[in-house]
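We use all heavy atoms of the structure for the numbers below, so side chains are in, but hydrogens, waters and symmetry mates are not. We name chains A, B, ... by the order of the sequence lines, and we start the count at 1 in each one.
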Number of protein chains: 2
Amino acid sequence: MAASKDPRPCSIADTLALVGEKHSLLVLREVCLGNGRFDQLVRNIGAPRDILATRLRRLVDAGILVKQPYSERPQRFEYRPTQAGLELEPVLMTLMAWGDRHLRGDGDRPMVLEHSCGQALAPVVTCRACGDEVRHEDLTARPQAPGWTVTGPTAA
Amino acid sequence: MAASKDPRPCSIADTLALVGEKHSLLVLREVCLGNGRFDQLVRNIGAPRDILATRLRRLVDAGILVKQPYSERPQRFEYRPTQAGLELEPVLMTLMAWGDRHLRGDGDRPMVLEHSCGQALAPVVTCRACGDEVRHEDLTARPQAPGWTVTGPTAA
DNA sequence: TACCGTGAGTTCGGATTTCCTACTCACCGG
DNA sequence: CCGGTGAGTAGGAAATCCGAACTCACGGTA
């Protein structure tokens with residue numbers, strides 16, 4: 001059997017089709033950090049300039065970034081996150097937390113996010129409805145399209 | 001200036017180096033859903049078999065998945081998430097929530113995750129220390145390595 | 001026994017992407 | 001006039017990805 005031509009319909013896949021290409025999420029990281037200029041992005045991300053240009057176009061088209069002039073004469077631009085872009089920050093936070101936890105010995109975190117409460121941020125995903133921390137065992141997947149089953153009873 | 005050879009040290013980048021290749025997070029999605037067999041993965045993800053084989057090896061090496069036999073004679077395997085793999089689920093949840101919100105008109109969500117509280121899951125990222133929902137403006141980035149500044153005052 | 005089907009991959013050549021280096025173009029400051 | 005900066009584009013080599021076909025071990029069935 002070949003790779004199916006119509007895989008499971010899924011918002012994860014759709015989102016990754018927009019921001020899952022190499023470097024895209026790092027662009028978003030820098031832009032959220034306030035480093036939105038082209039050469040800053042090149043330096044801080046380490047991506048070739050041409051891919052960066054391609055990624056930026058795509059992210060702007062998708063409404064995740066906007067390209068704003070910060071100086072006329074000479075024309076200079078800066079990329080900034082839109083509201084939709086900012087709403088992707090939780091993805092970055094959870095990725096960073098995972099990397100800090102699993103890829104590094106403690107004490108060598110390359111960056112700490114400080115929350116307004118004064119503590120270093122440890123992000124926790126909770127349920128909007130009940131407020132509890134979400135754990136794998138507490139989830140049941142309900143595919144809405146026919147034919148797309150899920151095998152595990154405690155599926156997520 | 002060329003693409004810098006030493007970009008910003010960052011756990012987001014490190015994590016993406018492991019799970020950011022094409023299809024990797026979809027593998028994790030299926031495995032978390034309980035669909036851990038090779039041909040299920042091929043069908044549900046829509047990736048070529050050889051790439052899937054490569055991704056699976058990499059994810060197993062990284063300790064995100066384990067390859068477990070579910071039948072001797074004939075030998076048959078199933079991939080399952082490790083604890084570390086399960087800890088990546090928040091990334092999937094936030095990606096899915098974003099896609100549902102921004103890429104689809106309401107009412108056509110391809111999958112709903114039901115939380116044990118009985119409601120459809122709407123994931124919210126909160127601060128472990130104070131419990132509040134984390135918002136962009138409440139974060140301050142503190143790079144730990146020298147030279148890696150952040151320009152915005154309200155950087156995240 | 002012969003044959004077909006399934007699970008779990010591997011192999012192959014070709015199509016895409018990415019990468020790297022260099023180049024452009026517009027402007028500014030001295 | 002000269003060098004530097006910001007924001008890219010151009011071109012070819014290198015790495016990845018893709019689709020289809022092939023393997024191999026087994027199990028069922030007729």
Testing the basics here: between B:Val19 and B:Leu88, what is the closest heavy-atom pair and its distance to 0.1 Å?
CG1-CD1, 3.9 Å

Assert: residue with more 5' nearest nucleotide on DNA chain C, out of A:Asp50 and A:Gln75, is A:Asp50

Taking only residues two or more places apart in sequence or in another chain, which ones pass side chain to side chain contact (heavy atoms under 4.5 Å, CB included) with A:Ala17?
none

Just how far, in rounded Å, is C1' of C:dC28 from OH of A:Tyr70?
13 Å

Rounded distance in Å - CZ (B:Arg76) to P (D:dG28):
11 Å

Quiz item: B:Arg49 side-chain donor-acceptor pair to C:dG9 base, under 3.5 Å:
yes

Interatomic distance, A:Lys22 NZ vs D:dC17 P [rounded to whole Å]
9 Å

Indicate whether any N or O donor in one side chain lies under 3.5 Å from an N or O acceptor in the other, for B:Ser24 and B:Arg58.
no

To the nearest angstrom, the CG-C1' distance between A:Leu56 and D:dG6 comes to 14 Å

Please report, rounded to the nearest Å, how far the P atom of C:dT17 is from the CD atom of B:Glu21.
16 Å

Around atom CG of B:Asp61, are there more than 12 heavy atoms of other residues, nucleotides or ligands at under 6.0 Å?
yes

Between C:dC19, D:dA7, C:dA8, spot the one nearest the side chain of A:Arg37, thanks.
D:dA7

Spacing between B:Arg57 atom CZ and C:dG9 atom P, to the nearest angstrom:
8 Å

Identify which nucleotide among D:dA7, C:dG7, D:dG19 has an atom closest to any side-chain atom of B:Pro48, counting heavy atoms from C-beta outward.
D:dG19

